[in-house]
**Q** 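First, the structure itself, so that you have it in front of you.
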Amino acid sequence: MTSELDIFVGNTTLIDEDVYRLWLDGYSVNDAVALRVRSGILEQTGATTGVLQSDTMDHYRTFHMLERLLHAPPKLLHQLIFQIPPSRQALLIERYYTFDEAFVREVLGKKLSKGTKKDLDDISTKTGITLKSCRRQFDNFKRVFKVVEEMRGSLVDNIQQHFLLSDRLARDYAAIVFFANNRFETGKKKLQYLSFGDFAFCAELMIQNWTLGAVDSQVDDMDVDLDKEFLQDLKELKVLVADKDLLDLHKSLVCTALRGKLGVFSEMETNFKNLSRGLVNVAAKLTHNKDVRDLFVDLVEKFVEPCRSDHWPLSDVRLFLSQYSASVHSLDGFRHQALWDRYMGTLRGCLLRLYHD
């Protein structure tokens, strides 16, 4: 009597997503095994602790060998040692470069240097993220920054091309690179209520409108450096608050348009000049590096906090900023409409994101 047995032999590299997550989170083999046991895997599979230990060690060895390829993701696609399906390759890359919100908020806007890396022990303790994971995330930020900081072309496109990240993750890394290059202050106590997503939203607006790339798509650093000529020109906006007649007319136009539409109309009317001076003076100071770094601190101090103290609802903030921006086009004595639109178009979007009523 004969029996038939089908045998399939393959060399596809097996990737256990749960073990990969434990490795990325910085757990040792023993800690990973303990966590896997706690998850009930022994009961589910009928395996012994020894088998689970060997399985975990085997996966960790594979991940360590893959790591050098993950530092330059296109190499992972073109190597022949590990037979990994494209969908699995994409997962390995995406998760390797994914970061923790709590971690990125601690380093956002700081120089990606050895000095900051020395602070990772403290950041690990504060956030509860393992030191190994903190180092991986920091090194990823630094690696991406070094590769793309002087490249010509779109920052997001360059990150996607060289690191094969999803559009959303590439945009997040673009924000990290942009903030690191311009050293925006994000760590002050009054900014702690803001999430990474809030800052990333503002970064995207500034990259689109305030960088060299907004006016010339063929320059190096086009999406990384702010357009210094634009920042210099912003001093011209000072006339909106320095010229009493213009300031009074601007206030009159806004108040006429919003009377009966704002719940905080009397507060807006009383504080209009202070709010306008705050927004215009922020623009006029952006010629200095320190004031560029303090942009978000100034926006919160000069606009968000005064409005919040008067209990402006977000809907009123939106209405005010829209009319405040548009009314400038009716000021006959003002000659910098395009400059104003480039400035306020971005600032309005940022302020609405920063304002949590």
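The basis for the numbers below is simple: all heavy atoms, side chains too, and nothing from hydrogens, waters or symmetry mates. Small disclaimer: the values here were computed from a predicted structure and weren't measured.
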**Q** With side chain to side chain donor-acceptor pair (under 3.5 Å) as the rule and sequence neighbours excluded, what pairs involving residues 253-264 come up?
**A** none
**Q** Under the side-chain hydrogen bond (donor to acceptor under 3.5 Å, both in side chains) test, which residues partner Asn140, sequence neighbours left out?
**A**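 Applying side-chain hydrogen bond (donor to acceptor under 3.5 Å, both in side chains) to Asn140 gives Arg143.
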**Q** Residues two or more places apart in sequence or in another chain: which of them pass side chain to side chain contact (heavy atoms under 4.5 Å, CB included) with Asp341?
**A** His329
**Q** Between side-chain atoms of residues 164-171 and protein atoms elsewhere (two or more places apart, or another chain), which donor-acceptor pairs fall under 3.5 Å?
**A**
unit_1 : atom_1 : unit_2 : atom_2 : d
Ser166 : OG     : Glu94  : OE2    : 2.5
Ser166 : OG     : Leu169 : N      : 3.3
Asp167 : OD1    : Arg171 : NE     : 3.3
Asp167 : OD2    : Arg171 : NE     : 2.9
Arg168 : NH2    : Asp172 : OD1    : 3.3
Arg171 : NH1    : Glu204 : OE2    : 2.9

**Q** Any side-chain donor paired with an acceptor under 3.5 Å for Asp100 and Gln137?
**A**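 Yes - a donor-acceptor pair under 3.5 Å links their side chains.
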**Q** Can you sort out the partners of Ser327 under side-chain hydrogen bond (donor to acceptor under 3.5 Å, both in side chains), two or more places apart, ordered by chain and number?
**A**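 Per chain and number, Ser327 pairs via side-chain hydrogen bond (donor to acceptor under 3.5 Å, both in side chains) with Gln323.
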**Q** Would you please name every residue forming a side chain to side chain contact (heavy atoms under 4.5 Å, CB included) with Leu331, sequence neighbours left out?
**A** Leu240, Leu246, Leu249, His250, Leu253, Val328, Phe334
**Q** Identify each donor-acceptor pair in which a side-chain atom of residues 102-111 lies under 3.5 Å from a protein atom, sequence neighbours left out, and give them as a table.
**A**
unit_1 : atom_1 : unit_2 : atom_2 : d
Arg105 : NE     : Leu194 : O      : 2.9
Arg105 : NH1    : Thr186 : O      : 3.3
Arg105 : NH2    : Thr186 : O      : 3.3
Arg105 : NH2    : Leu191 : O      : 3.1
Arg105 : NH2    : Leu194 : O      : 3.4
Glu106 : OE1    : Lys126 : NZ     : 3.4
Glu106 : OE2    : Lys126 : NZ     : 3.0
Lys110 : NZ     : Glu106 : O      : 3.2

**Q** Apply side chain to side chain contact (heavy atoms under 4.5 Å, CB included) to Lys290 and list each qualifying residue two or more places apart in sequence or on a separate chain.
**A**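 Per chain and number, Lys290 pairs via side chain to side chain contact (heavy atoms under 4.5 Å, CB included) with Arg293, Asp294.
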**Q** What pairs meet the salt bridge (Lys or Arg N to Asp or Glu O under 4.0 Å) rule with one or both residues in residues 174-189, with sequence neighbours excluded?
**A**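 Pairs touching residues 174-189 that pass the test: none.
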**Q** Taking Asp291 as the fixed residue, which of Lys235, Lys302, Lys285 is the one that meets the salt bridge (Lys or Arg N to Asp or Glu O under 4.0 Å) rule?
**A** Lys285
**Q** What pairs with Arg95 under side-chain hydrogen bond (donor to acceptor under 3.5 Å, both in side chains), at least two apart in sequence or on another chain?
**A** Glu17
**Q** With Asp119, which residues qualify under side-chain hydrogen bond (donor to acceptor under 3.5 Å, both in side chains), at least two apart?
**A**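 Partners of Asp119 by the side-chain hydrogen bond (donor to acceptor under 3.5 Å, both in side chains) criterion come out as none, since no residue qualifies.
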**Q** For His59, check side chain to side chain contact (heavy atoms under 4.5 Å, CB included) against everything at least two apart and list the hits.
**A** Asp16, Val19, Asp55, Phe63
**Q** Ring centres under 6.0 Å, that's the criterion: do Phe196 and Phe99 meet it?
**A** yes
**Q** Mind checking whether His71 and Tyr96 have parallel, tilted or perpendicular rings, split at 30° and 60°?
**A** tilted
**Q** Going by atom types alone, do Asp122 and Thr125 pair a side-chain donor with an acceptor below 3.5 Å?
**A**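 Short answer, no.
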